Amino acid sequence: MNDIEKGLKETIIKALLKAYEIEISEDKVVIEIPKTKGQGDYSTNVAMQLAKVLHDKPSNIASNIIKEMDYEACSLEKCEIAGPGFINFTIANSTLASIIDVVLKEDTKYGSNTIGNGIKINVEYVSANPTGDLHLGHARGAAWGDSVTRLLKASGYDVCREFYVNDAGNQINKLAYSLEARYANIFNIKKELPEDGYHGEDVKLIAEEIAKEYKDKFINDDSEETLRFFRTYGIAKELEKLKKDLRHFRVDFDVWTSEQTLHDSGAVVKALETLKDLGVTYELDGAIWFKSTKYGDDKDRVLKKSDGSYTYLVPDIAYHINKFERGFSKLVNFWGADHHGYIPRMKAALQALGKEKDDLEVDIIQMVRLVDEGKEVKMSKRTGNAVTVRELCDEVGVDAARYFFVQRAVDTHFDFDLGLARKQSNDNPVYYAQYAHARICSVLKQTGEIPEATSYELLNDEKEIVLLKYINEFSSVVKDAAITRAPHKVCNYIQKLAALFHSFYGNCKVNDKEHLELSSQRIALLKATKITLRNALDLIGVEAIEKM
RNA sequence: GUCCACGUAGCUCAGCUGGAUAGAGCAUGCGCCUUCUAAGCGCACGGUCGAGCGUUCGAAUCGCCCCGUGGACACCA
């Protein structure tokens, strides 16, 4: 919420107090920008909302509010009742324009807010197994998760970006056996990959590295020690690759937590003991079960199998306990759609441990289909395997890839249109936004002798007012997008801001030596637009290009 | 079969804590570069918001019930 909306809210609340002697909270008063022209700059539906409580007609309430409104306090120019009981407010243009100075002063900070209040929040995303390349589902999660953390930071949260490394489960043994087989193949020794092993090109490459470095040292050596070597080496290499690809995708993490360390430190054993002590487990058929149904899960879950090994759930619980022990008061996870069934049991475990249901929130990242020329692309042409993040970036660039993934709400299936992302034309929303930024930069380079603006009273053109109003909206958008963890709202904002600028540009000449005063004011407006656009793009990790 | 998500213009999607005449891009058609970047702007065309019922002064938005699509339903991770 910006200062104008805040002022309006406060004034409305005061007016209601005077007229009806009731006190209502700020969040009950909704201020919005009307879609249609001629309905003022801002409007509220508060008169209709209160009709029941006040036992009065909306139109009466509205006119009573208007009567008591302090025009001066919120720079109000005009107030009128419209439709079924809306109150439309018209604000002085000079007040709208005062945002320019705010933006110029706050610069890179413009749009940020403090609702997070320094709360320690942990956001875990991607967490891909270190057993192969990142595919498109991971890319969506990476772009989305990273953008969410940027939004949370901009909203005053103390954010920890976390990647959970599954380096202990069965899949790692599979990786080791796969490596061992590929390694043996290099020395012309026949060895089949395990049935559900990893067939990827990356495993071959790692095997080649081992062969190069250690020659035939591990040939015909099935010892436990050798297997451990393949495990450790494989994980290290795969992880190195993941980190490199993610960094290239502009996705960084503060903490990489290894599952193995949770086993080594005894945290996993302890997690099970804790649940046992709480009396939320029982034994059946030689296995230990967790009474997750007690906390809303649809069936109970096995913790320790009858063969004595743990299910994945135990280390996962240990991991989440570990997160809370590190002092976070809120955990957010982004999981792939195929994991959505695990949410109830994870939440159940945390509730058993005394946490609130919403201390952990899990958002689901829906599937991605790659589409080109209207046809689904299932495999990479180069490798024959699933298309990787690296390949996608090579094909369309990091900016387009990130923008496309963040553009759509994550809870819907998404078709990534390769042809469109590749296009360097106006069909492509990324270029549309970047072009706006570059265009502004170009105009600002040519300002010459035009002096700095001292006021903004000449900014009265329709296009200028709409642009000013929308710049005013930015911090509300950031706040809303952060709270709802919905960076696609930032994309919507970017598209509209870019459109308003382009439209302004088509109508208003900025550098005009015949009208120096107006030019200087328009230059200030452009500077503010540029900052807002750049900050918005930064929130989704897309570069604001100076020239194109 | 049970559970979850989704269904909005020819296509891809916004809008969903209920609000005014449901929005954008693409596609289609027509205009605009001797003027700061035409990767742009303007105009037009395009809708039973999957169907029905309900709650409400008011429903794309909330509830119920169908239909359709996708996903999840392991002593795998």
Side-chain angles (χ1 to χ4, degrees), chain A residues 27 30 32 34-36 38-39 43-45 48-49 51-52 57-58 82-86 88 129 131 166 168-172 174 196 259 284-289 298-299 301-313 315-316 336-344 364 366-367 369 371 374 407-417 420 423-436 438-448 463 480 483-484 488-489 491-492 495-496 498-499 501-512 519 522-523 526 545 547-548:
Chain A
D27 53 312
V30 177
E32 48 188 10
K35 288 173 220 153
T36 326
Q39 295 178 339
S43 75
T44 181
N45 62 358
M48 288 178 287
Q49 299 287 5
K52 242 182 206 158
K57 280 195 287 186
F86 289 95
N88 295 336
N129 285 340
T131 52
N166 286 107
N170 275 333
Q171 74 280 2
I172 297 300
K174 271 190 248 162
D196 44 2
E259 180 188 348
L284 182 72
D285 301 332
I288 298 176
W289 295 70
D298 54 357
K299 55 178 106 158
R301 306 293 170 178
V302 171
L303 294 170
K304 194 174 184 180
K305 300 181 232 172
S306 49
D307 68 3
S309 64
Y310 295 119
T311 61
Y312 75 96
L313 188 55
D316 264 7
D338 51 340
H339 285 65
H340 109 250
Y342 306 124
I343 300 172
I364 288 302
Q366 276 295 352
M367 307 284 166
R369 284 197 329 155
V371 176
Q407 196 181 193
R408 303 293 177 215
V410 262
D411 53 6
T412 55
H413 308 267
F414 174 53
D415 288 345
F416 192 108
D417 189 333
L420 180 59
K423 249 192 217 172
Q424 306 221 342
S425 77
N426 52 346
D427 317 358
N428 190 331
V430 190
Y431 289 96
Y432 183 77
Q434 290 182 323
Y435 180 56
R439 227 179 182 183
I440 294 172
C441 291
S442 167
V443 175
L444 291 179
K445 262 186 208 146
Q446 300 166 59
T447 52
K463 302 287 179 188
D480 179 42
I483 292 170
T484 53
H488 72 286
K489 289 176 178 171
C491 287
N492 292 342
Q495 286 306 302
K496 186 154 175 207
F501 159 71
H502 283 309
S503 179
F504 158 80
Y505 180 90
N507 264 259
C508 306
K509 180 147 172 81
V510 179
N511 292 320
D512 185 351
S519 285
R522 284 181 170 165
I523 287 166
L526 276 206
I545 291 171
K547 197 175 170 182
M548 52 197 290

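Throughout, protein chains are lettered first and strands after them, A, B, ... in sequence-line order, and every chain is numbered starting at 1. These numbers were taken from a predicted model, which means no experiment stands behind them.
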Asker: Of the listed nucleotides (B/A14, B/A20, B/A38), which one gets closest to any side-chain atom of A/Gln39?
Answerer: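 For A/Gln39, the side-chain atoms sit closest to B/A20.
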
Asker: Sort me out a list of protein N/O and nucleotides 28-35 of chain B N/O pairs below 3.5 Å, or just none if empty.
Answerer:
unit_1	atom_1	unit_2	atom_2	d
B/U35	O2'	A/Lys509	NZ	3.3

Asker: Determine the contact category for A/Gly506: base if any of its heavy atoms lies under 4.0 Å from a base atom, sugar-phosphate if only primed atoms, P, OP1 or OP2 are that close, otherwise nothing.
Answerer: nothing

Asker: Name all residues meeting the salt bridge (charged side-chain N to carboxylate O under 4.0 Å, His left out) criterion together with A/Arg408; count only those two or more places apart in sequence or in a different chain, and write none if there are none.
Answerer: none

Asker: Would you mind classifying the nucleic acid contact of A/Ala287 as base, sugar-phosphate or nothing, using non-hydrogen atoms under 4.0 angstrom?
Answerer: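 Base contact.
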
Asker: State whether a side-chain donor-acceptor pair under 3.5 Å links A/Lys174 with A/Thr131.
Answerer: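 No.
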
Asker: With a 3.5 Å cut-off and heavy atoms only, can you find an N or O donor on one side and an acceptor on the other between the side chain of A/Ser503 and the base of B/C41?
Answerer: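 Result: no qualifying N/O pair found.
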
Asker: With sugar-phosphate meaning primed atoms plus P, OP1 and OP2, does A/Gln495 contact a base, only sugar-phosphate, or nothing at under 4.0 Å between heavy atoms?
Answerer: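 A/Gln495: no heavy atom of the nucleic acid under 4.0 Å.
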
Asker: Give the rounded distance in Å between these two atoms: NZ of A/Lys489 and C1' of B/C13.
Answerer: 15 Å

Asker: Write down the partner of B/G42 under the Watson-Crick or G-U wobble criteria, each distance required to be under 3.5 Å.
Answerer: B/C30

Asker: With both distances under 3.5 angstrom, what nucleotide forms a Watson-Crick or G-U wobble pair with B/G25?
Answerer: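 B/C11 - that is the nucleotide pairing with B/G25, both distances being under 3.5 Å.
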
Asker: Report yes if a donor N or O on one partner sits less than 3.5 Å from an acceptor N or O on the other, where the partners are the side chain of A/Ser43 and the base of B/A20; otherwise report no.
Answerer: yes

Asker: State whether A/Lys305 places a side-chain N or O below 4.0 Å from either non-bridging phosphate oxygen (OP1 or OP2) of B/C76.
Answerer: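 Checking A/Lys305 against B/C76: at least one side-chain N or O falls below 4.0 Å of OP1 or OP2.
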
Asker: To the nearest Å, how far apart are A/Tyr505 OH and B/A39 P?
Answerer: 11 Å

Asker: From A/Asn170 CG over to A/Tyr312 OH, what is the distance, rounded to the nearest 0.5 angstrom?
Answerer: 14.0 Å

Asker: Is the ring pair A/Phe414/A/Phe416 parallel, tilted or perpendicular, if the boundaries are 30 and 60 degrees?
Answerer: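 It falls in the perpendicular class, over 60°.
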
Asker: Grab the CD-P distance between A/Gln171 and B/C76 for me, whole Å please.
Answerer: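 It works out to 13 Å between those atoms.
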
Asker: Report which part of the nucleic acid A/Thr447 touches: base, sugar-phosphate, or nothing (heavy-atom distance under 4.0 Å, all strands).
Answerer: nothing

Asker: With a non-hydrogen cut-off below 4.0 angstrom, is A/Lys547 in contact with a base, only sugar-phosphate, or nothing?
Answerer: base

Asker: What is the distance, to the nearest angstrom, from the OH atom on A/Tyr432 to the C1' atom on B/C41?
Answerer: 9 Å

Asker: Touch check for A/Asn129, heavy atoms < 4.0 angstrom, all strands: base, sugar-phosphate only, or nothing?
Answerer: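 The answer is sugar-phosphate, as A/Asn129 gets under 4.0 Å only of primed atoms, P, OP1 or OP2.
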
Asker: Please determine, by modelled atom types, if A/Asn88 and A/Gln39 share a side-chain donor-acceptor pair under 3.5 angstrom.
Answerer: no

Asker: For a quick check of understanding: with a heavy-atom distance under 4.0 Å over all strands, which category does A/Ala409 fall into, base, sugar-phosphate or nothing?
Answerer: sugar-phosphate

Asker: Name the nucleic acid region contacted by A/Asn45, choosing base, sugar-phosphate or nothing; use a 4.0 angstrom heavy-atom cut-off, strictly under.
Answerer: base

Asker: Using the glycosidic torsion, which applies to B/C33: syn (within 90° of 0) or anti (everything else)?
Answerer: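 Syn conformation here, the glycosidic angle of B/C33 being no more than 90° from 0.
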
Asker: With a non-hydrogen cut-off below 4.0 angstrom, is A/Asp480 in contact with a base, only sugar-phosphate, or nothing?
Answerer: nothing

Asker: Let me know the distance between NZ of A/Lys496 and C1' of B/A24, rounded to the nearest Å.
Answerer: 10 Å

Asker: Quick one: A/Asp298 CG to B/U2 P, roughly how many Å, whole number?
Answerer: 13 Å

Asker: Test A/Tyr505 against A/Leu526 for side-chain contact (heavy atoms from CB on, under 4.5 Å), laying out the working first.
Answerer: CA-CA 10 Å; A/Tyr505 180 90; A/Leu526 276 206; 5.9 Å; no

Asker: Would you mind telling me which of B/A14, B/A20, B/C36 lies closest to the side-chain atoms of A/Arg408?
Answerer: B/A14

Asker: Among B/C75, B/G40, B/C36, which is the nearest nucleotide to the side chain of A/Asp285?
Answerer: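 Nearest to the side chain of A/Asp285 among the choices is B/C75.
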
Asker: Check whether A/Asn511 reaches the backbone of A/Val443 with its side chain - one donor and one acceptor, N or O, closer than 3.5 Å.
Answerer: yes

Asker: Is there a side-chain contact between A/Ile523 and A/Leu444 (heavy atoms, below 4.5 Å)?
Answerer: yes

Asker: Looking across every strand, which nucleic acid part, if any, lies under 4.0 Å from A/His488 by heavy atom: base, sugar-phosphate, or nothing?
Answerer: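 Contact class for A/His488: sugar-phosphate only.
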
Asker: Does the side chain of A/His502 get closer than 4.0 angstrom to OP1 or OP2 of B/U37 through an N or O atom?
Answerer: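 Indeed not, no polar side-chain atom of A/His502 lies that close.
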
Asker: Between A/Tyr431 and B/G25, does any side-chain N or O lie under 4.0 Å from OP1 or OP2?
Answerer: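 Checking B/G25 against A/Tyr431, no side-chain N or O comes under 4.0 Å of OP1 or OP2.
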
Asker: Could you go through nucleotides 4-7 of chain B and list every protein N or O atom that sits under 3.5 Å from one of its N or O atoms, giving the distance for each pair?
Answerer:
unit_1	atom_1	unit_2	atom_2	d
B/A5	O2'	A/Asp411	O	3.0

Asker: How close or far is atom C1' of B/U12 from atom CZ of A/Phe414, stated in whole angstroms?
Answerer: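 From A/Phe414 CZ to B/U12 C1': 9 Å.
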
Asker: Return the nearest nucleotide to the side chain of A/Asp338; candidates are B/C76, B/A14, B/A72.
Answerer: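 Per side-chain heavy atoms of A/Asp338, the pick is B/A72.
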
Asker: Please classify the nucleic acid contact of A/Asn492 as base, sugar-phosphate, or nothing, using heavy-atom distances under 4.0 Å.
Answerer: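 Result for A/Asn492 = sugar-phosphate.
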
Asker: Round to a whole Å and report the spacing from CE of A/Met48 to C1' of B/U17.
Answerer: 16 Å

